Amino acid sequence: MPPPDRPARPALLPLDDALAQLAQGAAAHRIAATELLPTAQALGRVLAEPVVSAVDVPPADNSSMDGYALRHADLAAGRPLALGQRIAAGGVGHALVPGTAARIFTGAPIPPGADTVVMQEQCELIPGEPSEVHVQGEVSPGQWIRRRGEDVSAGATVLPAGTRLTPQAMGLAASVGAARLRVVRRPRVALFSTGDELVMPGEALPPGAIYNSNRFTLRGLLEAAGCEVDDLGIVPDRLDATRDALRRAAAGNDLILTSGGVSVGEEDHLKPAVQAEGRLDLWQLAIKPGKPLAFGSVRRAEGGDALFMGLPGNPVSSFVTFLIAVAPVLRVLQGMSAGLPPAWPMRAGFDWPRPDKRREFLRVRLGPDGRLALFPNQSSGVLTSAVWADGLVDNPPGQAIRAGDTVRFLPLAGLVGT
């Protein structure tokens, strides 16, 4: 029992429990508005409805090689075949006469009657009138033919709703003739920092002040996640200023994101401000870095509310907490699945003999030996570690690591864009 004059510390909330609560809260605020965009302009957007193919891909049997189309049965006699036609990609041949071959190029449709393609390197062209083709070596019936619909069948769903559109997904949509795609409206996120000690790069740095790195890191993360950012800058450490910023941030935005001020000190005004303007849960997550996390909502004057998330002020804590808590909320808002992406089993190239009792996210980088190297300083204030790293090790509470152990690796690219 704690002494009477010291209040009990709040219990640490397991990350999985927090993610479940975040997903539930975000699902109630899922973005319903959609946009119809040209497929070429939909990179990074999330599909609001599935893409269904109206065509077979490929639309006809075609050659996967430059060579000659023929009847496999005609090879049994071992005689050269007369060259009867030439078919380029985009052209259409005529029915193949028995005992003849057609010069054919990659992507060209197979002429009626042909059932096999022989690559040109396996053939000898004998000039004459007509020219003849002598096929050498073994030939399997049906070889080097891409069959109609072998990639996509008409009526198939090629991209389900909730898919984030990568370049290859855009190409797949185009391959089935989708000229326009219906996507979810981008999440609108208001961003501001609190702290009288913060100044912007380019300004003089007085004693006790620091440059506001979180504003740039979080804005970049939001934009990389496909959000429209309403950057409200730095808010003074006053309750009235914080409440005014929250009211302005709630208008027209889906989420309000802040860094700093989520503790309970005399200059930390976010907690009472959010409680006055809406509702707030202040969690102590069982993770390192990034223990404090605020989650709630702020009322809009016009009705409804905007979600609120407050991140810790230490730059690495803010960065990591965004990746593991904010990014899943943004995915749910757009109709995607919640939670963290699957971890990759990788070999550690380092020792971690003194683990924390909390779940740790260690900054690591894949080395040339195929093992993960550990940044030597894992402090929550060392932002260089986040630039150096290409992923995080998701380490269970109290789990020591020895070089050669298999660990759970989360690539940074997947944490932002998935």
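Count residues from 1 along the sequence. This is a predicted model, so every value here is computed, not measured.
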Any chance CH2 of Trp283 has more than 12 other-residue heavy atoms, nucleotides or ligands included, within less than 6.0 Å?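 Buried by this count: over 12 neighbours within 6.0 Å.
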Using distance only, find each side-chain donor-acceptor pair of residues 165-176 under 3.5 Å and give its atom names and separation, not counting sequence neighbours.
| residue | atom | partner | partner atom | Å |
| --- | --- | --- | --- | --- |
| Thr166 | OG1 | Gln168 | OE1 | 3.4 |
| Thr166 | OG1 | Ala169 | N | 3.1 |
| Ser175 | OG | Leu172 | O | 2.7 |

Basic-acidic side-chain contact under 4.0 Å: Arg188, Asp254: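 No, Arg188 and Asp254 are not salt-bridged.
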Whether Glu35 and Arg186 form a salt bridge (side-chain N of Lys/Arg under 4.0 Å from carboxylate O of Asp/Glu) is what I want to check.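 Looking at Arg186 and Glu35, the cut-off is not met.
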Can you tell me if Asp66 and Thr106 form a side-chain donor-acceptor pair at under 3.5 Å?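 Thr106 and Asp66 do have a side-chain donor-acceptor pair below 3.5 Å.
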Side chains of Glu360 and Trp352: is there a donor and an acceptor less than 3.5 Å apart?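 The criterion, which ignores hydrogens and geometry beyond distance, is satisfied for Trp352 and Glu360.
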Qualifying side-chain hydrogen bond (donor to acceptor under 3.5 Å, both in side chains) pairs with a residue from residues 107-121, counting only residues at least two apart or across chains: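 For residues 107-121, and leaving out neighbouring residues, the side-chain hydrogen bond (donor to acceptor under 3.5 Å, both in side chains) pairs sorted by first residue read Arg103-Gln120.
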Only counting residues at least two apart or in another chain, list the ones meeting side-chain hydrogen bond (donor to acceptor under 3.5 Å, both in side chains) with Arg219. Glu223, Asp231
Taking every non-hydrogen atom, the tightest pair across Ala89 and Ala108: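 Residues Ala89 and Ala108, closest heavy atoms: N-CB, 3.8 Å.
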Give me the atom names and distance for the closest heavy-atom approach of Ala249 to Leu232. CB-CD1, 3.7 Å
I need the full list of salt bridge (Lys or Arg N to Asp or Glu O under 4.0 Å) pairs touching residues 135-147, with sequence neighbours left out, sorted by first then second residue. Asp61-Arg147
Donor-acceptor list for residues 25-33 side chains, cut-off 3.5 Å, not counting sequence neighbours:
| residue | atom | partner | partner atom | Å |
| --- | --- | --- | --- | --- |
| His29 | ND1 | Gly25 | O | 3.1 |
| His29 | NE2 | Asp305 | OD1 | 2.8 |

From OG (Ser317) to NZ (Lys291), nearest 0.5 Å: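 Interatomic distance, Ser317 OG to Lys291 NZ, rounded to 0.5 Å: 10.5 Å.
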Below 3.5 Å, can you tabulate the donor-acceptor pairs from side chains in residues 333-348 to any protein atom, sequence neighbours excluded?
| residue | atom | partner | partner atom | Å |
| --- | --- | --- | --- | --- |
| Gln334 | NE2 | Leu330 | O | 3.0 |
| Arg347 | NH1 | Gly404 | O | 2.8 |
| Arg347 | NH1 | Thr406 | OG1 | 3.2 |

